[in-house]
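Okay, structure first, notes after.
Values below: every heavy atom of this structure, side chains too, minus hydrogens, waters and symmetry copies. Counting begins at 1 with the first residue of the sequence.
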Amino acid sequence: IGPISPALDDESQDDDVFVLAVLKESAAAAKGVNLGDQLVAVDGTLTRSVPPFDVLSQIQGGDKDGEPSPFVNLKIKRASDAEVETLEIPRKDMPRGGNSDPIVKTSLEKGPNGKK
C-alpha cells in the first residue's frame with residue numbers, strides 16, 4: 001500500500017483514512033486492495049482519527065515492542081460496493097520503519113518568499 005489520505009468524499013467522516021495508491025505487484029494488490037478503499041482498522045486498531053502517516057507506519061511495522069508479525073490484518077471498506085472485510089496480508093516485502101529508510105520521506109523547504 002502506498003500513500004493514504006484522510007476523507008475523500010462528502011459521505012466520509014473527516015477523520016476516516018483511505019488508500020491513495022497500491023503498488024501493482026504488491027501483496028495488497030494481490031489481495032484486492034484498491035484505490036479509494038477505506039482503511040477501517042489495522043491489526044484490530046481502528047484508524048479513525050489516527051494521522052495517515054501513523055496508519056501507514058502501523059501497516060509497515062507492526063508490533064513496536066519487538067519483531068513485527070509476518071502478517072498485517074487490514075479491515076477495509078470497499079470503495080466499489082461499501083462491503084467491509086478483513087484481509088491478512090504478508091509483510092515480508094514491506095519496507096520497515098526503525099533503522100531502515102522510511103517508505104515516505106517528507107521535508108520542509110524554503111519557498112520563493114523564504115518561508116517554510
Side-chain angles (χ1 to χ4, degrees):
I1 294 179
I4 54 180
S5 166
L8 296 174
D9 59 38
D10 294 335
E11 294 180 19
S12 302
Q13 299 291 323
D14 286 339
D15 46 5
D16 287 340
V17 178
F18 292 85
V19 175
L20 290 181
V22 180
L23 301 174
K24 192 175 188 179
E25 302 293 325
S26 69
K31 291 285 188 169
V33 177
N34 291 301
L35 172 73
D37 287 347
Q38 179 184 345
L39 289 170
V40 177
V42 176
D43 288 332
T45 302
L46 295 177
T47 60
R48 180 167 280 165
S49 299
V50 177
F53 284 113
D54 292 350
V55 174
L56 191 57
S57 180
Q58 289 174 334
I59 292 169
Q60 295 168 349
D63 186 5
K64 294 179 182 178
D65 297 327
E67 189 65 27
S69 69
F71 296 92
V72 59
N73 290 297
L74 299 180
K75 185 174 185 178
I76 63 168
K77 182 177 178 182
R78 299 279 183 192
S80 58
D81 58 12
E83 180 180 327
V84 177
E85 67 179 290
T86 300
L87 304 173
E88 183 179 72
I89 300 174
R91 280 192 170 108
K92 66 178 180 148
D93 297 325
M94 289 186 187
R96 298 277 189 262
N99 295 331
S100 64
D101 289 335
I103 189 169
V104 177
K105 294 183 181 183
T106 59
S107 65
L108 294 174
E109 298 181 12
K110 290 184 180 179
N113 62 2
K115 295 183 180 181
K116 288 188 176 185

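- Checked by atom type and distance alone, the side chain of N34 pairs as donor or acceptor with a backbone atom of G32 at under 3.5 Å.
- The shortest heavy-atom contact between A79 and L35 is CB-O, 4.1 Å.
- Scanning all heavy atoms of the two residues, the minimum distance from S69 to R91 falls at OG-NH1, 2.8 Å.
- Two residues are said to be in side-chain contact when any heavy atoms from C-beta on lie closer than 4.5 Å; V40 and I76 fail this criterion.
- Of the candidates L74, V42, V72, V42 is the only one forming a side chain to side chain contact (heavy atoms under 4.5 Å, CB included) with Q58.
- Without hydrogens or angle criteria, D43 side chain to N73 main chain gives a donor-acceptor distance under 3.5 Å.
- Atom CG of residue D37 and atom CD of residue E83 lie 10.5 Å apart, to the nearest 0.5 angstrom.
- Ion pairing between a basic and an acidic side chain is recognised when a charged N comes within 4.0 Å of a carboxylate O; R48 and D16 show such pairing.
- Hydrophobic cluster membership differs between F71 and L56, with clusters built from Ile, Leu, Val, Met, Phe, Trp and Tyr side chains linked at under 4.5 angstrom.
- Put simply, the side chain of T47 never gets that close to the backbone of V50: no donor and acceptor are under 3.5 Å apart.
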